[in-house]
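Worksheet: the structure to be examined is printed underneath.
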2 protein chains.
Amino acid sequence: MPYESLRTYINQYSGSELTDEEFARILEACTPRKYRKKQYLLQAGEVCKYVAFVISGAFRMYSVDDKGVEHILHLSIENWWVADRESALMLTPSRYNIDAVEDSEVLLFTSEKMQDLVATVPAMPKMMARLDQRNFIASQKRLHASISLTAEERYLELLNNNPVFLQRFPQNMIASYLGVTPETLSRIRKKALQK
Amino acid sequence: MPYESLRTYINQYSGSELTDEEFARILEACTPRKYRKKQYLLQAGEVCKYVAFVISGAFRMYSVDDKGVEHILHLSIENWWVADRESALMLTPSRYNIDAVEDSEVLLFTSEKMQDLVATVPAMPKMMARLDQRNFIASQKRLHASISLTAEERYLELLNNNPVFLQRFPQNMIASYLGVTPETLSRIRKKALQK
DNA sequence: AAAAAGAGTTGATTAATATCAAGCGGAGTT
DNA sequence: AACTCCGCTTGATATTAATCAACTCTTTTT
């Protein structure tokens with residue numbers, strides 16, 4: 001079957017095994033779609049209609065402030081979910097943009113289909129609960145970093161926890177993700193290398 | 001029955017109505033406890049064993065850095081839950097302290113009892129899912145603020161979204177919650193008043 | 001009642017990071 | 001192949017917020 005990575009993901013996060021029939025139902029509920037580099041999956045002002053599972057490629061979710069500066073809130077690569085869950089849940093227009101950083105392939109689930117699946121496939125609510133917990137923990141960690149650490153410490157923490165990101169995304173995006181300017185990140189790295 | 005505020009809370013967040021029997025079971029599963037001002041509910045290094053529902057009073061959750069500076073991650077007042085969920089879920093020692101900011105009364109649930117309730121009272125998983133979602137959205141908002149806004153903008157946002165906190169907690173705690181020093185917050189407020 | 005501790009303000013100085021500006025080199029486009 | 005754009009670096013300067021220090025006013029403790 002195609003998209004085995006989604007199956008593996010759900011099995012892993014739900015702590016159970018999907019039957020072939022269940023997995024087939026999940027695949028029926030979603031739509032595969034490709035995005036070219038720089039193509040939008042969500043634009044600020046729209047309500048987020050889809051939750052996307054990344055099969056391959058990479059995405060970023062970011063806001064743009066009054067001065068036109070982008071602030072990246074989330075980075076996602078294959079085997080991650082992408083969406084503005086606030087907008088999707090509350091049905092409010094999103095403040096964020098989501099676009100492809102590389103040519104990518106995703107599976108799109110509308111919120112309704114996703115709710116159906118959560119109601120009918122036992123593994124799904126387990127996976128969702130687990131996912132929400134992980135999301136919460138991750139954003140609490142980043143909040144802690146952002147409140148109590150210096151730019152350099154935040155960079156080193158990212159280097160430890162998500163080295164993949166550093167290889168996968170250009171440095172200016174990493175800078176934005178860390179909440180510093182590209183110049184500052186460049187200097188931080190120079191300093192870190194000297195040690 | 002006592003502790004009606006918990007019942008109201010669960011009804012509201014689950015979108016259903018607890019029966020008297022269900023609510024009685026919930027009350028049996030927890031332990032009421034009082035905390036004096038400054039008393040710890042959790043100390044850094046311990047595994048967080050309880051999830052607490054605040055009946056009255058106020059708590060803060062914070063880390064202490066190498067220089068001894070406190071960084072407040074969460075503030076909670078009556079009708080909020082308090083716990084380090086990361087520690088409680090992962091069973092890892094917490095990096096955070098939780099202590100009472102005022103004399104307070106809470107209901108303590110051990111993680112096991114909470115899991116029992118989630119498994120046996122239908123309203124509970126609904127409430128938990130809703131709570132996780134809200135927590136995630138709230139921490140994403142704060143993360144966004146902390147990455148893209150200046151200290152002054154963050155203060156004004158708090159003034160809009162959680163004016164209660166400003167009345168309830170001393171200014172140095174608000175400063176820590178916003179990620180600035182008390183001196184800086186004092187100057188920000190002075191400036192904001194002049195307008 | 002006196003003393004001590006805590007909370008907030010204000011001023012002077014320092015440190016961290018942003019901003020502005022210039023230049024380099026590679027990737028993609030025509 | 002030439003050209004343009006983009007990502008990255010480096011330097012000089014400006015801005016923001018932290019730090020250090022002093023002082024006032026409450027609140028708490030003795």
Side-chain angles (χ1 to χ4, degrees), chain A residues 36-39 58 60 62-72 75 99-103 145-159 165-195, chain B residues 35-39 58 60 62-72 75 97 99-103 145-159 165-195:
Chain A
R36 305 294 301 276
K37 186 173 175 175
K38 295 196 180 173
Q39 195 178 350
R60 64 185 177 142
Y62 59 98
S63 66
V64 180
D65 68 21
D66 338 313
K67 290 170 199 143
V69 181
E70 298 174 354
H71 302 278
I72 296 182
L75 295 173
D99 64 19
V101 177
E102 309 168 357
D103 291 350
S146 145
I147 286 176
S148 24
L149 304 184
T150 64
E152 184 175 1
E153 290 167 327
R154 293 201 299 278
Y155 170 72
L156 294 174
E157 189 169 285
L158 183 63
L159 192 62
F165 284 179
L166 298 178
Q167 295 144 23
R168 202 63 178 277
F169 295 94
Q171 216 166 290
N172 58 40
M173 291 189 191
I174 299 292
S176 172
Y177 183 79
L178 290 172
V180 298
T181 58
E183 293 95 327
T184 298
L185 179 56
S186 174
R187 287 185 248 261
I188 286 172
R189 297 191 61 207
K190 190 181 173 188
K191 214 175 125 197
L193 279 176
Q194 288 169 355
K195 291 179 186 169
Chain B
Y35 286 86
R36 306 292 301 275
K37 187 172 175 174
K38 295 196 181 174
Q39 193 178 350
R60 62 182 179 145
Y62 59 99
S63 66
V64 181
D65 69 22
D66 337 313
K67 290 169 200 144
V69 181
E70 298 175 353
H71 302 277
I72 297 182
L75 295 173
N97 302 283
D99 65 17
V101 177
E102 310 168 357
D103 292 350
S146 142
I147 286 177
S148 20
L149 305 184
T150 64
E152 185 176 359
E153 290 167 328
R154 294 201 298 279
Y155 170 71
L156 294 174
E157 190 169 285
L158 183 65
L159 193 61
F165 283 179
L166 298 178
Q167 295 145 23
R168 201 64 177 276
F169 296 94
Q171 217 166 289
N172 59 39
M173 291 190 190
I174 298 292
S176 172
Y177 182 79
L178 290 172
V180 298
T181 58
E183 292 97 327
T184 297
L185 179 56
S186 174
R187 287 185 249 261
I188 286 172
R189 296 192 61 207
K190 191 183 175 188
K191 213 175 126 198
L193 278 177
Q194 288 168 356
K195 292 177 183 168

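Every chain is numbered from 1 and lettered A, B, ... according to where its sequence line falls, protein lines coming before strand lines. Side chains included, hydrogens not; waters and symmetry mates left out as well; all remaining heavy atoms used.
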Run the side-chain donor-acceptor check on residues 178-187 of chain A: report pairs under 3.5 Å with partners two or more places apart or on a different chain.
unit_1	atom_1	unit_2	atom_2	d
A:Thr181	OG1	A:Thr184	N	3.3
A:Thr181	OG1	A:Thr184	OG1	2.9

query: Do the non-hydrogen side-chain atoms of B:Tyr35 and B:Asp103 ever get within less than 4.5 Å of each other?
result: no

Nucleotide range of DNA chain C lying under 4.0 Å from chain B heavy atoms: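 The footprint of chain B covers C:dA7 to C:dA12.
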
Atom [atom1] of [X] to atom [atom2] of [N]: distance rounded to whole Å?
X        : N      : atom1 : atom2 : value
B:Leu149 : D:dT16 : CG    : P     : 15 Å
A:Lys67  : D:dT15 : NZ    : P     : 12 Å
B:Glu102 : D:dT28 : CD    : P     : 13 Å
B:Arg187 : D:dA17 : CZ    : P     : 11 Å
A:Glu183 : D:dC8  : CD    : P     : 12 Å

message: If you compare every side-chain N and O of A:Asn172 against the phosphate oxygens of D:dC8 (OP1, OP2), does one of them come in below 4.0 Å?
response: yes

query: Between A:Lys190 and D:dT9, does any side-chain N or O lie under 4.0 Å from OP1 or OP2?
result: no

- request: Between B:Lys37 and B:Thr181, name the one whose nearest nucleotide on DNA chain D is closer to the 5' end.
  value: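 That would be B:Thr181.
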
statement: Walking DNA chain C from its 5' end, the first of B:Ser186 and A:Thr184 to be reached, judged by nearest nucleotide, is B:Ser186

Helix axis bend for the helix from C:dA1-D:dT30 to C:dT30-D:dA1 - C1'-based end axes, five pairs, 10° rounding: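 Inter-axis angle at the ends, rounded: 40°.
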
field: Atom of B:Phe165, atom of B:Leu75 and distance for their closest heavy-atom approach
entry: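 Result for this residue pair: CZ-O, 3.6 Å.
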
message: Ignoring hydrogens, what is the shortest heavy-atom contact between A:Glu153 and A:Ser148? Give both atom names and the distance.
response: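 Answer, listing the atom of A:Glu153 first, then A:Ser148: OE1-O, 4.3 Å.
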
message: Cation-pi check for A:Tyr62 against A:Arg60: NZ or CZ below 6.0 Å from the six-membered ring centre and within 45 degrees of the axis, yes or no?
response: yes

